[in-house]
Every structure is written in structure tokens, then in C-alpha cells.
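First up is the structure itself, then whatever we jot down about it.
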Amino acid sequence: MAGSGASDPNRTLGDLDALAAAAARTIEQASTTAELERAETATLGRRSPLAEARRALGSLDPEARREAGRRLNDLWSSLEALVARSRAELARQERVAALVADRLDLTEVVLATVRSPLRRGHRHLVSTTRDALEDVFVAMGFQVAEGPEAETDWYNFEALNIPPAHPARGMYDSFYLEVGEPETVVLRTHTSPVQIRLMEAAVAADSIPIHAVIPGRCYRRDTADASHLPVFHQVEGLVVDEGITFADLAGTIETFTTAYFGPKVHARLRPSYFPFTEPSAEYDITCTLCLGAGCRTCSGTGWLELGGCGMVDPAVFAAVGIDPEVWSGFAFGFGIDRCAQMRHQVADMRSLLESDVRFLRQF
Ligand code: PHE
């Protein structure tokens with residue numbers, strides 16, 4: 001084209017109008033945003049006829065080049081404006097279509113019962129996971145206990161060896177229900193306060209030893225993302241008896257892990273810190289996706305973090321009046337939602353809170 005138009009600027013300008021008209025048709029024919037993307041590349045991309053024409057301007061004489069260049073720039077901007085308008089309109093149409101497709105018709109249930117048998121509901125994934133976890137621990141000789149979700153500062157923090165202004169409070173970004181008088185009350189940030197309640201009750205009833213698991217809902221002021229929820233579920237374990245050692249803790253954790261996740265998944269304990277246990281450990285399990293080989297979910301380590309554990313700190317025994325010279329114990333706590341996520345490969349934890357039946361029906 002450069003050769004044919006070089007000597008005849010008018011012809012070049014004529015060509016430009018024809019090219020622009022063809023480009024406009026291609027853009028207008030796009031009926032989805034994906035098609036529009038392709039139309040834009042075909043008409044305004046580096047290999048488009050118009051881009052070629054722009055490159056050919058160089059071979060025109062200066063006067064003709066100026067004129068053709070101006071014309072080409074005008075056409076180019078109006079085509080860009082056309083693309084922008086189409087994009088906005090197509091995006092709007094696609095959003096409307098998505099909303100219509102997603103619409104939940106609450107009267108549909110009535111019609112469905114007429115046309116087809118009623119679809120039976122079932123329990124939520126978190127509830128069935130909690131039950132399955134309880135079953136494993138009950139089979140190991142644990143009792144199941146519960147405690148309140150609104151806790152005083154004493155149970156949630158102080159009795160657990162986390163006095164006011166202790167740096168560990170930073171680990172627990174709390175929702176406060178009441179501050180100060182008569183008491184500070186928080187939505188419990190973990191199930192560990194129930195340890196204190198169980199130990200107090202056992203001291204009062206003179207009924208130590210304790211072998212208990214405590215499932216329940218916890219709250220932290222975390223923003224929800226794919227792996228964190230502001231409302232989540234934990235299961236706490238507490239054993240207080242004579243002669244309990246770290247080996248009992250490690251054995252219990254490993255027994256639970258293979259029983260719940262299957263024989264290919266194992267437990268690993270890594271040194272860590274919690275104010276209410278000493279020594280403390282982080283509890284990891286073999287990555288359930290790659291079984292230890294290393295993958296994206298476990299950042300190539302082969303392990304996934306599930307919770308924390310350790311030997312009950314003497315300061316905690318002191319808070320509830322248990323003699324650490326006679327008794328020793330261990331505790332652990334880990335995420336129920338995490339267990340559900342790992343066993344069923346749930347990509348985004350927020351799905352557990354959103355109550356979207358299309359997600360929940362899969363389990
Ligand atoms: N309560 C700790 C947490 O939620 C977990 C834990 C429980 C650690 C019991 C040790 C012992 O972070």
C-alpha cells in the first residue's frame with residue numbers, strides 16, 4: 001500500500017476512510033466483551049490495516065503526510081471512542097445477564113415440589129466436619145464440652161496468662177462487647193477460655209483428671225480473605241492428669257491426624273509460643289493436596305498449618321488452683337473450618353459463610 005499511495009495522497013485518504021469504516025463495522029459486530037477484545041486487536045492493534053497505514057505515512061511527501069496524518073489521528077480517536085462505548089454497553093449487558101441468571105426465586109420451591117420431588121436439605125459442611133472431629137476424639141476417650149461465646153477478659157485472656165497489655169493480645173484482634181465496669185467482655189477469640197472453665201469446675205467438683213474436647217465458634221477482627229474469616233470454628237483439646245508428658249501430646253495429635261485425614265497424612269510439631277502453654281508448638285499436617293510432595297497450596301513445603309498446642313503452663317494451673325506438682329497436662333486448638341477446607345479442597349474459606357446453596361449442595 002505504501003507504494004501505491006505514496007504519490008497520490010487523495011487515494012491514501014480514500015483508503016483510510018474505507019479502512020476506518022470496515023474497522024467500525026468489526027467493532028460494532030462484537031456482541032460480547034471477549035469478542036470486542038479481539039475486534040480491538042484486529043482493528044487498532046499493531047498488525048491492523050490502520051496501523052500499517054500509519055507506518056506507510058512516512059513515505060508520503062511532507063504536505064500530504066501532514067494531511068493524511070491528521071485524518072488518520074481523527075479516525076483513530078473516534079474508533080477508540082467507539083470501542084470504549086461498546087465496552088461499557090457490553091459490560092452492562094453482561095452484568096444484567098449474570099444477575100438474572102443468579103437470581104434466587106424464592107417462589108420456585110413451590111413450583112419445584114409440584115413438578116419434581118422435593119430436594120432434601122442437609123447439614124452445613126462446618127457442622128458435619130465438627131461432628132466428624134468429635135467422633136474421632138470421642139473414640140479416643142475424650143468428652144465433649146462447650147462454653148459461652150461472650151467471655152470476660154479473665155477467661156479469654158488473664159487466666160490464660162495474658163494480662164492486660166501483654167504483647168500476645170496482639171495475636172487476638174478482639175471484638176469488645178463491653179469495656180471496663182463492671183467487667184470487660186469480648187467475643188471469645190479462641191476456644192481456650194473453656195479450658196479455664198473446665199479446670200475450675202473440675203477443681204470445685206474434685207473431679208480431675210480431665211480429657212475433653214471443646215468445639216465452638218470464635219471471633220477475630222480479621223478481614224475476610226480466602227484463608228481468614230472474622231467468625232470461625234475451633235476445636236480445643238485439654239488433658240489434665242498425673243504424669244502427662246509432651247510425648248502424650250504428640251501421640252494424641254498424630255493419632256487424631258491419621259484417624260481424621262487418613263493414613264497418608266501425618267502431624268508435625270514446630271516450636272512456637274503461646275502464653276498459656278510451655279513448651280508450645282505449632283501443629284502442621286501433611287499437605288492434603290500434594291501429600292507432602294510440595295505444591296502451590298503449601299508453598300512447596302509439603303505441610304499445612306492447622307493450629308497450636310503445648311503443655312499447660314504452670315501459671316494457668318495457678319489461676320485455677322491446680323497443683324502443678326501433682327498434675328500436668330496438655331492443650332491444643334485448631335480450626336474446624338480449616339479441616340473442612342483441607343479435606344474437601346475448598347479454595348476460598350468465605351464460601352463457608354456465604355450460604356450459597358450451589359456451593360453447599362456439593363457436600
Ligand atoms: N488458642 C490458640 C489460638 O487460637 C491455640 C492453642 C490452643 C494453642 C491450645 C495452644 C494450646 O491461637
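It should be emphasised that the depicted structure is a prediction, and the values quoted were computed from it without experimental measurement. Computed over heavy atoms, backbone and side chain alike; hydrogens, waters and symmetry mates excluded. Both counts, for ligands and for their atoms, begin at 1 and track the order of listing.
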Problem - Any donor-acceptor N/O pair, R268 side chain to L304 backbone, under 3.5 Å - result: no
Exercise for the section: Please answer whether the main-chain N or O of V346 pairs with a side-chain N or O of H344 as donor and acceptor at a distance below 3.5 Å. Expected result: no
For ligand 1, list all ligand N or O to protein N or O distances below 3.5 Å, rounded to 0.1 Å.
| residue | atom | partner | partner atom | Å |
| --- | --- | --- | --- | --- |
| ligand 1 | 1 (N) | H190 | ND1 | 3.0 |
| ligand 1 | 1 (N) | S192 | OG | 2.9 |
| ligand 1 | 4 (O) | R220 | NH2 | 3.0 |
| ligand 1 | 4 (O) | Q234 | NE2 | 2.9 |
| ligand 1 | 12 (O) | Y172 | OH | 3.2 |

Practice task
Would you mind checking if R197 and E236 are paired as a salt bridge, meaning a charged N to carboxylate O distance below 4.0 Å?
Solution key: no
Please enumerate all residues that pass ring-ring contact (aromatic ring centres under 6.0 Å, His included) together with [X], with sequence neighbours excluded.
X: H266; result: none
X: F261; result: none
X: Y172; result: H190

